[in-house]
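Down below is the structure, laid out as structure tokens.
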Amino acid sequence: MSDDIKGKDKSLITRRKFLAGLTAGAAASALPAGEAGAYAFEELFRQHYKRLDADDLKDILAKLEEELSFKYGKEVHAKATPPLDNTVFGYALDLSRCIGCRRCVYACVRENNLSRDPQIHWIKVLEFQKGNNKWQGLEHSNRYYEPEQVPEKGRFYVPVQCQQCKKPPCVKVCPVQATWQEPDGIVVVDYNWCIGCRFCMAACPYGARSFNWGKPSILKEEFNPDIHYLGNRPQYKGIVGKCTFCIQRSRQGKYTACVEACPVGARKFGNLMDPNSEIRYVLENMKVFRLKEELDTNPKFFYFFSMGTGVKS
Amino acid sequence: MVIDAINGILRTVVTGSREYKAWVGFLSLLALVGIVFVFRQIDQGLIATNMRDEVSWGWYIANFTFLVGVAAAAVVLVIPYYIYDFKPIGEIVLIGEIMAVAAVSMCLMFIVLDMGSAERFWHLIPMIGIFNFPQSILTWDVVVLNMYLVLNLTLVIYALSKIYAGKSYKTKLIMPFIFFSVPAAISIHTVTAFLYLGAPARPFWNTAVLAPRFIASAFCSGPAFMLIIFQIIRKTTKLKIADEALHKVAEIVTWCMAVNLFLLGSEVFKEMYSATAHIEPFNYLWNGLRGHSQLVPWIWTALIVNSIAFLILIIPSIRKNFFMLNIACAFIFIGVYIEKGMGLIFPGFIPGTLGEIYDYMPNAMELWISLGVWAIGLLIFTIGAKICIAIKTGEIGHADPSAHH
Amino acid sequence: MTMKCLRCLLFIISLITAGLIFVSYHAQNIYASSTEAAHGGHAAESAHGAGHDDYPGEVPFDRPVEEIKKFIAPMNELNIFPCSDCHDAAWEPNYERRELGEPHDVVPEKFINHDSENRWCLDCHSAKTRDKFQLLNGKLVEFNEYYRVCEQCHKRVYREWKMGIHGKRTGYWNGEKQWMHCTQCHDPHNPPFKAIKPEPVPRTPLNVRTSSSGEEHQSSAETKH
């Protein structure tokens, strides 16, 4: 056959070249699949995450990697890590240490590929006044504080994000079960299943859920290429997203982005089933409380004061 | 026969007085403008509205809530006529059901407009999608609303085809369905109320009195609208509607408004006497909260017009005066529209779960789109009523205009 | 309108009511199945407000510092170590409590800003061997185990640090954690933290979008308290 290549039979070369070109063309046209109609068509009819079998999921993840790698110019790793055995995640926040610097807010934005424009924050830091009426209620908090420096005198700060409730009211009301609680306690959203009715947002007592009112946009340079299907993959216009305890990190044994970003060590995270974890130590030895306990949502996000008000003011 | 019927119906739709044509033309224009804006909303997403995370349900859902009430109000005609055999209402009961069809259609349109990813509606279909019934009250709403729509549509079509053929439609086959439409109507509005009151995250809604308030306000707003429509129909068509029919409906409206005001009073007492932190949304609505008082003039207007309407209606001699009755009806419609729309949905979200106050008000695009939806609904009603009247008066078909159907 | 019709109506209404009662009851019970966090003892948890959950296992209260030694971050290079380069055996220590000049003017204007009323340099730094620290009982402590000095007064924080709940947390929650040591955050000669500039304030609802690909609303409905 090699003799033919030398050019004796022109038609063979032409045919071979043609076939080679065809394959290359097909491969090339497959690359910007995200822009093309084929992928969008598949997405429109994609089934619920829980109904996808292993092969489907693999295909979907591969296509996702392809599409996003092309779009953001980075090598994307998409996974759908299942929950770890004997693991239930818990979180504790030391209110005596939080200084309201918002580094957790922006670390979360970067880690979870949240839209910069329109702006989406999954963590909201509330500023309260110290004094007689300090716990008058969340009604007297302020999210929009802008002092030159924090912590400000006479103020303390309470960051709020998804509480990963044991009895999540959001899961109860979703008409299509696009949001559910995984066995490791994380309440997740299937971005391809959510119909955008926003009933979950009306039902959440903590304002933890964000809706993508417009088309989300992230700068290429800021894109985080390590994504989880139920976590930090880029979201779509018209669906709901929320903190997932960095499911792409926590299921690999890592701490969440907010825990690692906190410069004063106010945030604690770990496995509630492990008696040697920090979170169990906190629950055991600190006087913890939770927000809106009377609603009996049973959150896994605890607050405590390890010391007075801690910060000099 | 069927071809004749279709021809007749089409002829009825396209011919009519100058006023009819102008009205239909005006509505079509409004609908078109709305559709143009819908394209913009689809393109940009719901960010083109003024809704945001803090107030995630706004003008569209407010209209939806009001219209579910209007739809339920057809039962105000069904009960006296079919159950209590109050014959004068016989002329108008079908038109009431057509209004219910139009109202539910508008509800469905508003819901689809409000959905962030409406192309994924198929996710709601059981088996193919996941229909989270009975856990999610929203699925109950989907079931009852669609069931009510199909029921009313079927009843109207069945009745009109029987009348067209010159027969009575009160057959053994259909009567159970007619009776069923009564609990069906109550159910659509009760389920919608449960949707709100089942959310402990929103203390303004989390009150059991919301369900009876919904029914009471529905049963005054829908018939109030119908009363004005029936008078227009009396003047512009051959359909004869007895005064007694209208007076009976007005009586029902009176007592429903009484219940509505009483339940409102009950809410006011609970909030103001208990004076807990949960008074905040109530204060935002009625007094203004921390400098934000956007809704205050609206709700007070609603209360004042509702009260004036009630006072007009409570005195039988004044109620029987059609001029005064029409003022009362217009007032009730406006009052309940404000109270149930802006006065219910917006304060549910203000202040938010973390205490934020976002003074939501719909923007121009939302208003144009909702006007378009109302126009389409009114078009459905106008055309439906025209066909119905034409059949009943014997203009088309074999109905005997002197007989009571 | 007969009794039969009324009966039928009543039946339907009771059906609907029963359905609604069923759904509200069912809504409580779904949590028992949906929270399959029952991998180790949650299954028994009642869905009707469990209050304090009982997680398995006994939580240890303290641990010897040796257990975490290998995970502690390495000490930074100091530019004037070892101290014995200057402070050799020949140099007599001056025990008088005073402000030091260069190169030890660590805290301008103040003695040391760390319990300065009761402590000064030689209370922690051993006068005998400047390369080491000293404890209250006279014992000497290696330079890279300086945290034993901190332990003396800050017992609780020291224990919490060993158990992992004090300070910035990095590493793996189910594997190797990384421990920072005290001076990585706390300047021993001037411990109070300085205030820092916060990251940008979140945008208010009507201003979440910066690009004007549509209507730009600069309404006065801003949510400032």
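Here is the naming used below: chain letters follow the sequence lines, and residue numbers restart at 1 for every chain.
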Looking only at heavy atoms, the pair that brings A:Tyr144 and C:Pro205 closest together is OH-CD, 3.6 Å
Any C:Pro56 side-chain heavy atom under 4.5 Å of A:Met273 side chain: yes
In terms of heavy-atom proximity below 4.5 Å to chain C, should A:Phe89 be classed as side chain, backbone, both, or neither? side chain
Scanning both residues in full, the closest heavy-atom pair of A:Pro275 with C:Pro60 reads O-CD, 3.5 Å
Treating C:Lys168 as the side-chain partner and A:Glu260 as the backbone partner, does any N or O pair qualify as donor plus acceptor under 3.5 Å? yes
Looking at A:Glu293, A:Arg249, A:Arg103, which one has more heavy-atom pairs under 4.5 Å with chain C than the rest? A:Arg103
Sidechain-backbone polar pair: C:Tyr172 side chain, A:Tyr255 backbone, donor-acceptor under 3.5 Å: no
Using a 3.5 Å distance criterion without hydrogens, assess whether the side chain of C:Trp173 forms a donor-acceptor pair with backbone atoms of A:Phe269. no
Measure the CE-CD distance between A:Met286 and C:Glu160 for me, rounded to the nearest 0.5 Å. 3.5 Å
Whatever's closer than 4.5 Å to a heavy atom in chain C on A:Asn285 counts as side chain
Side-chain atoms of residues 118-126 of chain A: list all donor-acceptor pairs with protein atoms under 3.5 Å, sequence neighbours left out, distances to 0.1 Å.
residue  : atom : partner  : partner atom : Å
A:Gln119 : OE1  : C:Arg203 : N            : 2.8
A:Lys124 : NZ   : A:Gly207 : O            : 3.1

State the NE2-CD distance between C:His166 and A:Glu278, to the nearest 0.5 angstrom. 13.5 Å
Roughly how far, to the nearest 0.5 Å, is OG1 of C:Thr204 from CZ of A:Arg143? 9.5 Å
Given a strict heavy-atom distance threshold of 4.5 Å, which part of A:Gln252 is in contact with chain C: side chain, backbone, both, or neither? backbone
Determine the option with the most heavy-atom pairs under 4.5 angstrom with chain C, choosing from A:Glu148, A:Arg280, A:Glu284. A:Arg280
Once you round to the nearest 0.5 Å, how far does CD1 of C:Ile196 lie from CD1 of A:Ile99? 3.5 Å
Rounding to 0.5 Å, atoms CZ (A:Arg267) and CZ (C:Arg169) come to a distance of 15.0 Å
What is the distance from atom CZ of C:Arg209 to atom CH2 of A:Trp213, rounded to the nearest 0.5 Å? 12.5 Å
More than 12 heavy atoms of other residues, nucleotides or ligands under 6.0 Å from NZ of C:Lys69: is that the case? yes
Any donor-acceptor pair under 3.5 Å linking the side chain of A:Tyr106 with the backbone of C:Pro200? yes
List the steps and the verdict of side chain to side chain contact (heavy atoms under 4.5 Å, CB included) for A:Tyr281 and C:Arg159. CA-CA 11 Å; A:Tyr281 194 83; C:Arg159 170 174 46 81; 2.6 Å; yes
Can you name the side chain to side chain donor-acceptor pair (under 3.5 Å) partners of A:Asn276, sequence neighbours left out? none
By a 4.5 Å heavy-atom criterion (distance strictly below it), what part of A:Ala266 contacts chain C: side chain, backbone, both, or neither? neither
So which atom in C:Val201 and which in A:Tyr145 form the shortest heavy-atom distance, rounded to 0.1 Å? CG2-O, 3.6 Å
For A:Ser217, is it the side chain, the backbone, both, or neither that has a heavy atom closer than 4.5 Å to a heavy atom of chain C? neither
Closest heavy-atom contact between C:Ile165 and A:Val282? CG2-CG2, 3.7 Å
Closest heavy-atom pair and its distance - C:Arg156, A:Met307: NH2-CB, 4.0 Å
Shortest non-hydrogen pair, C:Gly167 vs A:Lys268, comes out as O-NZ, 2.9 Å
